[in-house]
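The first residue of the sequence shown is numbered 1, and numbering continues consecutively from there. It should be emphasised that the depicted structure is a prediction, and the values quoted were computed from it without experimental measurement. Both ligands and their constituent atoms are indexed starting at 1 by order of listing.
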Amino acid sequence: MEFVSSKWVLPFLFTLWLLFSVALSVEGLKGNSKVRGVNLGGWLVIEGWIKPSLFDGISNGDMLDGTEVQFKSVTLQKYVSAENGGGSDVSVSRDIPSTWETFRLWRVSETEFQLRSTEGQFWTCDGQGSSVSATTDAPASSGSTFFIEKLNNSSRVHIKLQSGIYLQALTESQLTADYQGIPGWDDNAATFVMTIVSNNLHGDFQLANGYGHAKAKEVLEEHRNSFITISDFYFLSTHGINTVRIPVGWWIAFDPDPPAPFIGGSLAALDNAFSWAQTYNIKCIVDLHAAPGSQNGMEHSSSRDGSVDWPTSQDNIDKTLDVIDFLASRYAKHPALLGIELLNEPSAAGVSLDILVSYYQKGYQTVRKYSPTAYVIVCQRIGNADPLELYQANIGFTNVVVDLHYYNLFDTFFVNMSSAQNVDYVYKSREAQLQQLNNASGPLLFIGEWVNEWNVTRGSEQDYQSFGKVQLDVYNAASFGWAYWTLKNDRKHWDFEWNIRNKYLEFSSFSPRLQVSGVILFLVFTCSYLFLHHIL
Ligand SMILES: *[C@@H]1O[C@H](CO)[C@@H](O)[C@H](O)[C@H]1NC(C)=O
Ligand SMILES: *[C@@H]1O[C@H](CO)[C@@H](O)[C@H](O)[C@H]1NC(C)=O
Ligand SMILES: *[C@@H]1O[C@H](CO)[C@@H](O)[C@H](O)[C@H]1NC(C)=O
Ligand SMILES: *[C@@H]1O[C@H](CO)[C@@H](O)[C@H](O)[C@H]1NC(C)=O
Ligand SMILES: *[C@@H]1O[C@H](CO)[C@@H](O)[C@H](O)[C@H]1NC(C)=O
């Protein structure tokens with residue numbers, strides 16, 4: 001031992017330790033190797049199912065924007081139909097309702113609505129005596145807004161022009177504005193049975209447009225100030241979490257006065273999150289969850305009626321890049337920033353890979369204008385798309401991350417799976433895919449959303465623990481890390497804090513320990529070396 005030049009041994013050991021710890025770490029996460037994150041879902045981008053009570057105060061709350069309705073004439077016993085799904089007349093001719101007979105509401109007020117056909121055209125009526133067509137691509141300034149009057153506690157409705165004339169169905173070929181006087185609720189040509197086929201959109205658009213500006217401002221201020229607070233960051237920091245992924249909507253860039261119906265104030269809340277994060281040594285990923293026009297038609301992209309209009313206009317895409325520019329310039333120098341996610345869950349059916357990759361490349365360059373190191377996170381398309389598509393896309397040179405969301409839900413594939421089958425699926429299929437992507441050259445891999453919930457109906461606490469454990473075991477291997485969906489939720493199994501407090505998710509913050517053991521190992525080596533050195 002003496003003949004090895006002793007002065008090199010310490011630096012050698014130190015270097016070994018350094019290499020060991022650096023090899024495992026994501027830049028910017030001190031004392032931790034990878035992202036162990038939680039999403040702050042339902043906070044700055046509203047999702048009604050996360051906190052249904054937000055919508056409780058809206059009158060006529062089952063007729064929000066995007067609600068799908070069908071009308072059946074009580075006298076003809078036929079359904080109102082936009083012929084060909086839109087682009088021509090509206091008839092009252094179908095025995096069985098399907099897509100052409102389904103209309104999406106655009107809410108103008110509690111009682112006034114515009115009605116949109118499957119193909120996207122709006123009902124229009126030129127006035128008394130005219131028939132209704134579905135031909136205009138945008139609601140006309142006059143003639144496209146209708147009162148829908150409901151009989152209390154019944155599905156019967158009357159539909160009236162703004163001038164006061166009621167529509168009626170006298171013949172199957174048309175719906176006409178020529179009912180004389182005010183109809184009663186008996187079986188007459190102006191009475192229809194309205195069926196609500198779905199009203200599953202409860203996002204920022206529905207909330208703000210449903211309440212109206214003043215009341216919505218009140219509701220959202222209260223929510224933004226109370227749903228997530230500094231004490232949640234304390235909780236996370238003491239339970240092994242080092243990162244939060246924060247969904248934001250595009251309107252944040254227009255604070256304090258975003259375009260109607262959106263309500264300002266989310267920017268101040270995001271600023272708070274950054275300072276709370278800094279206080280507790282937590283990092284932030286800002287995630288653009290809702291882009292103008294909607295990238296997936298869902299409430300969490302703030303879709304008005306389920307349409308995916310983001311990719312159909314260059315204006316939407318340019319506006320989105322401006323939002324990224326705004327976010328990057330505001331937070332690039334903030335010590336709590338870890339990364340910016342350019343767009344959450346674009347839909348494979350609605351957004352082509354070419355458009356998406358071109359946007360991601362420009363988004364990457366936009367972030368790089370302000371920060372050479374912030375991670376640029378690109379989300380995998382949801383639906384039918386292979387995540388390898390983003391590895392092959394040359395999005396950027398450094399610190400690019402692909403975000404993949406893993407839910408054993410939202411697909412008939414998982415329906416009726418036993419708890420053991422769910423566990424097995426994560427070990428086999430998820431792990432295999434994760435390893436394949438970890439191995440692929442280029443971006444790091446992030447499991448940016450997953451949850452300790454499944455389609456099993458009566459899972460025991462132990463079943464949930466096993467499912468949580470297998471997910472942590474597998475997702476811990478992702479090269480960038482993971483983030484749980486979501487911090488707080490009305491449904492307890494989705495609620496991270498509930499899972500931790502009730503031990504449904506047994507999560508130990510092993511990464512800091514890894515570092516500590518590294519230090520101990522180094523000290524032990526050093527001491528033994530010095531000891532031996534002196535003895536010999
Ligand atoms: C329905 O009930 C509300 C309050 O209970 C009342 O104000 C309204 O006039 C009723 N509407 C009809 C059409 O009966
Ligand atoms: C409608 O139903 C609710 C509860 O079922 C009842 O409280 C209310 O009085 C009813 N209103 C009318 C107008 O029948
Ligand atoms: C699930 O099981 C139920 C009851 O056995 C059955 O009716 C249903 O078709 C199954 N669904 C799927 C998607 O396998
Ligand atoms: C990933 O790389 C490791 C190490 O090179 C190898 O053992 C493993 O088989 C690879 N896995 C896949 C799925 O390519
Ligand atoms: C399982 O999936 C079915 C079909 O999508 C759904 O109706 C049911 O509510 C789900 N059950 C649970 C426990 O998630």
Participant: Against ligand 5, does W454 come closer than 4.0 Å with any heavy atom?
Facilitator: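 Contact check W454 vs ligand 5: positive.
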Participant: Of all the non-hydrogen atoms in the protein, which one sits nearest to atom 4 (C) of ligand 5, and at what distance?
Facilitator: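 Of the protein heavy atoms, V415 CG2, 3.8 Å lies nearest.
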Participant: Got a protein heavy atom sitting under 4.0 Å from atom 9 (O) of ligand 3?
Facilitator: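 Given the 4.0 Å limit, the answer for atom 9 (O) of ligand 3 is no, no protein heavy atom qualifies.
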Participant: In the protein, what heavy atom is nearest to atom 3 (C) of ligand 3, and what distance, to one decimal place, separates them?
Facilitator: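 Minimum-distance protein heavy atom for atom 3 (C) of ligand 3 reads N416 ND2, 3.6 Å.
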Participant: Hey, does the side chain of E449 reach the backbone of Y484 with a donor-acceptor pair shorter than 3.5 angstrom?
Facilitator: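 No.
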Participant: Given the rule in the salt bridge (Lys or Arg N to Asp or Glu O under 4.0 Å) test, do D495 and K488 qualify, once you have shown the distances and angles that lead to the verdict?
Facilitator: CA-CA 5 Å; D495 184 305; K488 292 192 175 174; over 6 Å; no
Participant: Looking at E172 and R94, is there a salt bridge between them, counting it only when a charged N and a carboxylate O are closer than 4.0 Å?
Facilitator: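 No, this pair does not count.
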Participant: Under the 4.0 Å line, does any protein heavy atom show up next to atom 14 (O) of ligand 3?
Facilitator: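 At least one protein heavy atom is under 4.0 Å away.
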Participant: Could you check which of N455, D411, N408 puts a non-hydrogen atom nearest to atom 1 (C) of ligand 5?
Facilitator: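 Considering heavy atoms of N455, D411, N408, the nearest to atom 1 (C) of ligand 5 sits in N455.
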Participant: Between R156 and D187, is there a salt bridge with N-O shorter than 4.0 Å?
Facilitator: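 Answer for the salt bridge query: yes.
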Participant: Do W310 and Y359 have ring centroids that are under 6.0 Å from one another?
Facilitator: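 Yes, the ring centres sit under 6.0 Å apart.
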